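For reference, the structure is listed below as structure tokens.
Predicted, not measured: the structure shown is a model, and the values here were computed from it.
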Amino acid sequence: MAMRPFNDQGMMQHRLDLLEQELLHLKVNNGAMQVPMQMGPMQMPGQSMPSFSPPAPMMMNQPHMSMPMQAGSPGISPNISPQQSYMPYGQQDVIFHSHNEVMAAHKQLFENMKKQEEQHTKLLESHGLLMEAHKKLMATKVGTGKHAKGEAKKHPKLGVVRLDYNYPPAAGDTDSPASFGYDVMFRVVPGLTFEMAQAGKFTEAVERNFAEAIKFLELKGANAITGDCGFMMAFQVLARKIATRPIFMSSMVQCPVIACAYDPREQILILTANGNSLRPQKDVLLTSCGFDVDEDRFIIQGCQDIPGFDAVARGEAVPLEVVQPGIVKMTMDILQRNPRISAILLECTELPAYADALRAATGLSVWDAITGADFYINAYKDNPRFGVNDWQNEWDGEQDEYTFGQNLIKKEQEELIHKNSGAPKAKAKAKTKAMMQKIKKNAVKHQAPTLGVVRLDYNYPPAAGDIDCPGSYDYDVLFRCVPGLTFDMAQSGKMSYTVQKEFEAAIKWLESKGVCGITGDCGFMMAFQPLARDIAKVPVFMSSMVQCPMISVAFDKYDKILILTANSKTLKPQKETLLSQCGFDVDDDRFVIYGCQDIPGFDAVEKGQKVDVEYVTPGMVKMVKDILTKEPTIRAICLECTELPPYADALRKNFDMPVFDAITCTDFFVSARKDNPRFGLNQWQCDWDGTIDEYKLGQNLGSNSRGHLMNG
């Protein structure tokens, strides 16, 4: 076996040992010197010399080579007579020479040790500087620290394509800047009338103007683009070919996600401007939104007969105080005739102004054009509750008033059918709604919306952003663990009889506490979506994958969507469930699936440990960067795993893409039950107190159920 080479310090020590042995050997072999020196050359005070048996003494009888040594001399015992104290001159020289060599080596050893100590100190200083540099690098490259205000990205902005029609929009209308909690800009399409949109066919000139509008909005920084008329859904396919950002020309794109969250036996009410308006769009809505106008599940009701609602058609301001009571009464009458209705979708872009009044009166979830726009914009937005912060400028809260025809060049303005003839600007702020006070007085104040989360029987310290962390939300959340429901059982998609009863009890308990929606803390719970929907009356969304149809509809068929999951193999066993429940095909080439199992530190939750988000984030960013290099047509990211939202902001910051996750999903469903403070009926709902209650596994369980916990 080859010997390991000595390092410098080891070589020096070896040399000292050899020299010391040689010196001792010479002393014991000196016939004239019977007593060893009082202290060896390497002996420290207080140490005893090592004992060994000397060999037979050498004969030193050459008197001409010896010299007398006096008693009392150093190293000579006073009991030795002068006749016994003779040492040969040559031997004495050897001893002195060896002693000097040992001392020199000893001195050199201490000098080397001193140099090594200095080098070690410098190394520690360099390491400290390197760590500081690494921290700064992470702050700028990955975004794990604060940023100078000038370096931050702009707050996301919505772009709206407008019909060639001028009217004074009410707050809540898509054409009103006051309807949005972020910047919005408008671009009218000269020649695009309501009749042309309803027909679903362009002239060549209008098609060119339509394309120019989309290009203009993207050029000016729009992160997502919508239209101000639901009939523009007929142009969704063309718009997706032009745009690189998500585009949704109608609020009907929300239909597949909403339908997925309710039992198939439950019905969804669709309110539109005219009851017959959706019929001509049957094929478009079916292929683009998965919405069949002839399906018994959807009840379509027009608002054309409500007094005052036709004001927009006349180019006049809508009398909200007249129209709102009419909308509410009509809806309540429909619900009485159709008790299976569990949700409402407002198709018309003028209807969001009445959404809050409907929420307050019916207690149902209400989606509209604004909840649709918020969904896409939130995927670009910095989430201040977790992940990377200060990478994006906050919205200043100011909207610019819009004048019809603004953002058009003179030639395009001349092509307008409806010229700006002194009509009032679209207001940037909603008026004080004194007219709503009568309704508000009669309304019973509802509790602030609360989310319900079904938890696996698994205990770990969740990071902020994780679906199991109460601090991940800006609304109340209730957790309920299912004793015996392990990760492996969820992955198999089958529960034992006892666990299923506990699962059903969890759904019922959460709904009894007034939650407005129920989700799960593991994507594999999607297999239990039908069971949960069958029990609950509120929307159920057991996986963030329910968002996929709404994401894919906003991009061209040749664009790809990246799905990140905990393990790339986990979605394959769920193929049938995801296809039947979400309309998501794991074998569809549009969806690129990658796992995060090889990212250093990501496996902490699997080990029951707390994830070091700051440590994992650079690996997450690098992996996605490498994926985008291989797949340049990826336009959006969906984080399937419920542990992944803490990294969403870092991905948004680094790649300027919309990132959807479990939190954007829960926000979407909660928003349908939440008071929108920007317009409509206000103060009908209690405000969230901002208090985040801590949760311990097993909390909210009875004593019997708690006894069945495997990881309490």
Side-chain angles (χ1 to χ4, degrees), residues 153-161 174-175 177 179-187 213-214 217-218 220-228 230 232-233 235-237 239-240 242-258 288-290 345-347 349 352 355 367-383 392 395 541 544-556 559-563 590 634-639 645 648-649 651-653 655-672 674 676 678:
K153 293 180 179 290
K154 292 181 178 179
H155 196 273
K157 183 185 297 185
L158 177 70
V160 179
V161 177
T174 301
D175 283 334
S179 304
F180 306 96
Y182 36 82
D183 284 326
V184 59
M185 55 184 170
F186 302 89
R187 169 85 174 208
I214 292 173
L217 292 171
E218 277 208 345
K220 293 297 183 181
N223 297 92
I225 298 173
T226 190
D228 75 342
M232 288 192 192
M233 196 65 203
F235 312 131
Q236 173 81 5
V237 174
R240 294 188 312 195
I242 302 166
T244 60
R245 301 291 192 174
I247 196 159
F248 49 106
M249 302 309 289
S250 168
S251 62
M252 295 297 288
V253 297
Q254 300 169 95
C255 260
V257 185
I258 299 169
S288 297
C289 304
L345 174 61
L346 309 181
E347 180 272 339
T349 58
W367 286 273
D368 55 30
I370 306 304
T371 60
D374 289 349
F375 173 77
Y376 291 103
I377 290 296
N378 285 343
Y380 283 97
K381 211 172 179 181
D382 174 24
N383 192 321
Q392 187 180 78
W395 183 48
F541 38 102
S544 62
M545 295 298 286
V546 299
Q547 302 170 101
C548 276
M550 196 167 167
I551 299 170
S552 59
V553 73
F555 294 94
D556 187 59
D559 292 331
K560 293 183 177 181
I561 296 153
L562 173 61
I563 309 291
R590 289 190 67 191
I634 289 174
R635 293 286 179 266
I637 301 172
C638 181
L639 308 181
D649 276 347
L651 298 179
R652 291 171 183 133
K653 172 187 179 293
F655 306 113
D656 195 25
M657 273 186 192
V659 180
F660 304 87
D661 56 29
I663 305 303
T664 62
C665 184
T666 60
D667 288 350
F668 173 72
F669 282 98
V670 170
S671 70
K674 204 172 184 180
N676 191 323
R678 295 187 295 274

- Under the 3.5 angstrom rule, does the side chain of Asp228 hit a backbone N or O of Thr174 as a donor-acceptor pair? no
- Message: Quick test of your reading of the model: are Asp656 and Arg245 salt-bridged, counting only N-O distances below 4.0 Å?
- Response: yes
- With distance as the sole test, does Asn378 use its side chain to make a donor-acceptor pair with the main-chain N or O of Lys381 at under 3.5 Å? no
- Locate the shortest heavy-atom distance separating Ala243 from Ile247; write the atom from each residue and the value. CB-CD1, 4.3 Å
- Could you go step by step and tell me if Tyr376 and Asn223 meet the side-chain contact (heavy atoms from CB on, under 4.5 Å) rule? CA-CA 8 Å; Tyr376 291 103; Asn223 297 92; over 6 Å; no
- Message: Within the 4.5 Å heavy-atom criterion, are Arg635 and Asp556 side-chain neighbours or not?
- Response: no
- Query: Which residues pass the side chain to side chain donor-acceptor pair (under 3.5 Å) test with Asp661, sequence neighbours left out?
  - Reply: none
- Just how far is it from atom NZ of Lys560 to atom CD1 of Ile637, taken to the nearest 0.5 Å? 14.5 Å
- Minimal non-hydrogen separation, Ser544 against Cys638, with atom names: O-SG, 4.2 Å
- pair Phe669-Val257: side-chain heavy atoms closer than 4.5 Å: yes
- Heavy-atom check, side chain of Met657 versus side chain of Leu651, under 4.5 Å: no
- Item | Euclidean distance, Phe248 CZ relative to Thr226 OG1, rounded to 0.5 Å | 4.5 Å
- Message: Minimum heavy-atom separation for Ala224 and Leu158, please, with both atom names.
- Response: O-CD1, 3.4 Å
- Item | Distance (rounded to the nearest 0.5 Å) between Leu639 CG and Cys665 SG | 12.0 Å
- Task: Please examine the side chains of Gln254 and Phe375, heavy atoms only from C-beta on, and report whether any two atoms are closer than 4.5 Å.
- Result: no
- State, yes or no, whether a side-chain contact exists between Cys548 and Phe660 at a heavy-atom distance under 4.5 Å. no
- Residues Glu218 and Thr244: side-chain donor-acceptor under 3.5 angstrom: yes
- Item | Side-chain heavy atoms of Met233 within contact of Gln236, under 4.5 Å | yes
- Message: Taking ring-ring contact (aromatic ring centres under 6.0 Å, His included) as the definition, give me every residue that meets it alongside Tyr182, ordered by chain and number, with sequence neighbours left out.
- Response: Phe180
- Message: For Val161 versus Met232, what's the shortest heavy-atom pair and its separation?
- Response: O-CE, 3.5 Å
- Task: Check Tyr380 against Gln392 and note the closest heavy-atom contact, atom names and distance.
- Result: O-NE2, 3.0 Å
- In Å and rounded to the nearest 0.5 Å, what is the CG to OG1 distance from Asp374 to Thr664? 12.0 Å
- Item | Straight-line distance of Ile377 CD1 to Lys157 NZ, nearest 0.5 Å | 10.5 Å
- Between OG1 of Thr371 and CD1 of Ile258, what distance do you get to the nearest 0.5 Å? 7.0 Å
- If only atom types and distance count, is the side chain of Arg590 paired as donor or acceptor with the main-chain N or O of Ser552 below 3.5 Å? yes
- Task: Report yes if the side chains of Arg652 and Asp382 come closer than 4.5 Å at any heavy-atom pair, otherwise no.
- Result: no
- Note on the structure: Here the pair of heavy atoms bringing Ala369 nearest to Pro352 is N-CG, 4.1 Å
